[in-house]
Amino acid sequence: MLPCDTGEVLNDYWPLAHLKLATKRLELRVPNDEELSELAQVAANGVHEPGEQPFLTPWTDLPPRERALHVMQQHWSRRGAWCTEDWALEMGVFRGDQPVGMVTLKARNFPVLREVKTESWLGFEFHRQGIGTEARTALLSLAFEGLGAVTALTEVFQDNVGSQGVSRRLGYLHDGISRDVLAGRAIVSDRLRLDASDWVPTEPADLVVTGLAKARPFFNV
């Protein structure tokens with residue numbers, strides 16, 4: 001017979017649900033379904049200025065209700081497809097009890113390549129407050145210091161000034177370009193790279209990680 005404490009069962013079978021990164025202002029955690037719906041509402045309210053398109057997949061062009069549904073379905077899909085070689089860790093970003101956006105740390109062939117990529121979005125009202133930099137720093141600390149990653153990669157549209165700025169401040173260096181098609185036109189992204197040798201470890205007072213020990217097998221580390 002299974003224990004009555006469903007939280008303990010979840011911890012045994014899906015310990016990622018209890019992985020948390022706490023910074024001075026934020027907490028990053030895998031959202032439960034209630035929190036996911038709150039994060040989806042943040043996305044429905046808008047994540048950038050009208051007319052902008054910062055993502056290669058134009059999900060932010062969807063109507064608000066469909067935009068929220070995209071956030072929820074993508075999260076469920078990534079959880080369901082998880083394996084130790086190919087994973088995407090989506091975490092909600094919370095300031096106190098307030099949901100402000102989501103960040104993703106993902107990898108393919110991680111046991112061999114030890115490379116990660118990051119994605120993120122924030123509700124438009126939370127831009128230009130340093131939240132994106134603080135959240136990405138926490139993710140990178142998890143990757144380099146917690147999981148033994150050797151490289152973090154990202155691709156940013158050349159005209160995405162905000163995301164370019166966050167990456168440069170964190171020490172990413174130019175690593176080439178990529179060309180894709182968006183809305184019927186060619187678009188160029190900068191490939192940016194941050195190696196573990198260039199990463200400055202996070203001060204213990206600036207980040208508290210909980211729940212990693214039980215989650216390690218899910219990353220094959």
Side-chain angles (χ1 to χ4, degrees), residues 16-17 19-79 87-106 116-143 152-157 159-170 172 189 192 194 202 206-211:
L16 293 168
L19 179 60
K20 297 180 182 180
L21 314 178
T23 71
K24 289 184 176 180
R25 292 187 297 167
L26 309 172
E27 183 170 277
L28 282 61
R29 60 180 182 265
V30 176
N32 59 35
D33 282 353
E34 181 179 351
E35 292 170 331
L36 182 60
S37 66
E38 295 172 352
L39 290 160
Q41 183 59 53
V42 174
N45 293 341
V47 300
H48 56 70
E49 290 276 13
E52 292 182 351
Q53 182 44 268
F55 305 109
L56 189 59
T57 302
W59 64 276
T60 56
D61 287 348
L62 296 169
R65 189 175 183 84
E66 294 178 35
R67 193 157 63 233
L69 184 59
H70 169 86
V71 168
M72 299 179 75
Q73 288 183 308
Q74 177 173 265
H75 182 73
W76 291 327
S77 175
R78 285 176 160 175
R79 278 173 43 171
W87 46 262
L89 176 67
E90 281 201 341
M91 309 187 85
V93 182
F94 297 86
R95 185 171 59 185
D97 294 328
Q98 184 178 40
V100 301
M102 296 190 77
V103 294
T104 305
L105 184 72
K106 62 181 186 178
V116 297
K117 291 185 176 181
T118 58
E119 300 173 352
S120 66
W121 61 264
L122 296 175
F124 183 63
E125 63 185 293
F126 306 111
H127 288 201
R128 298 185 177 88
Q129 299 175 34
I131 293 174
T133 301
E134 192 169 328
R136 178 108 69 97
T137 300
L139 268 192
L140 292 172
S141 179
L142 172 67
L153 306 170
T154 191
E155 293 189 14
V156 186
F157 291 160
D159 61 356
N160 189 337
V161 177
S163 188
Q164 288 270 3
V166 170
S167 298
R168 304 292 184 182
R169 283 194 294 275
L170 290 171
Y172 284 79
S189 299
L192 304 174
L194 176 60
T202 307
D206 294 335
L207 178 67
V208 176
V209 179
T210 56

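All figures in this text were calculated on a predicted structure; none of them were measured in a lab.
- Closest approach of W76 and L36 over heavy atoms only: NE1-CD2, 3.6 Å.
- Residues passing the side chain to side chain contact (heavy atoms under 4.5 Å, CB included) test with L69 are Q73, sequence neighbours excluded.
- When the side chain to side chain contact (heavy atoms under 4.5 Å, CB included) test is applied to V103, the partners found at least two apart in sequence or on another chain are L28, M91, V93, S120, A135, L139.
- Contact of the Q129 side chain with the R95 side chain is registered, since non-hydrogen atoms from C-beta on lie closer than 4.5 Å.
- In this structure A40 satisfies the side chain to side chain contact (heavy atoms under 4.5 Å, CB included) test together with A68, V71, M72, sequence neighbours excluded.
- Distance check, rounded to the nearest 0.5 Å: OG of S141 to CG of L207 gives 4.5 Å.
- Contact record, L153 with Y172: C-CE2, 4.2 Å, taken as the closest heavy-atom pair.
- T23 and A138 get closest at one heavy-atom pair: CG2-CB, 3.8 Å.
- The shortest non-hydrogen separation linking L122 to F126 is CD1-O, 4.1 Å.
- Annotation: ring-ring contact (aromatic ring centres under 6.0 Å, His included) contacts of F124 (sequence neighbours excluded): H127.
- Across every non-hydrogen atom of L39 and P99, the tightest pair is CD2-CB, 3.6 Å.
- For the pair V42/V100, no side-chain contact is recorded, criterion being any heavy-atom separation below 4.5 Å from C-beta on.
- In this structure Q41 satisfies the side chain to side chain contact (heavy atoms under 4.5 Å, CB included) test together with A44, N45, sequence neighbours excluded.
- Partners of D61 under the salt bridge (charged side-chain N to carboxylate O under 4.0 Å, His left out) rule, at least two apart in sequence or in another chain, do not exist in this structure.
- Note on residues 125-143: pairs passing salt bridge (Lys or Arg N to Asp or Glu O under 4.0 Å), not counting sequence neighbours, are R25-E134.
- Side-chain contact check for T104 versus W121: every heavy-atom pair is 4.5 Å or farther apart.
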Chi angles and distances behind the side chain to side chain contact (heavy atoms under 4.5 Å, CB included) call for L192, Q164: CA-CA 9 Å; L192 304 174; Q164 288 270 3; 4.1 Å; yes

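- For the pair L142/L89, a side-chain contact is recorded, criterion being any heavy-atom separation below 4.5 Å from C-beta on.
- In plain terms, the two heavy atoms of L16 and V30 that are nearest each other are O-CG2, 3.3 Å.
- With sequence neighbours excluded, the residues that form a side chain to side chain donor-acceptor pair (under 3.5 Å) with T133 are R169.
- Residues satisfying the ring-ring contact (aromatic ring centres under 6.0 Å, His included) criterion with H75, sequence neighbours excluded, are absent altogether.
- Applying the salt bridge (Lys or Arg N to Asp or Glu O under 4.0 Å) test to every pair with at least one member in residues 28-43, sequence neighbours left out, gives these pairs: E27-R29, R29-E35.
- Applying the salt bridge (charged side-chain N to carboxylate O under 4.0 Å, His left out) criterion to E155, with sequence neighbours excluded, gives no partner residue.
- Pairs passing the salt bridge (Lys or Arg N to Asp or Glu O under 4.0 Å) check and including a residue from residues 70-79, sequence neighbours excluded, read R78-E90, R78-E119.
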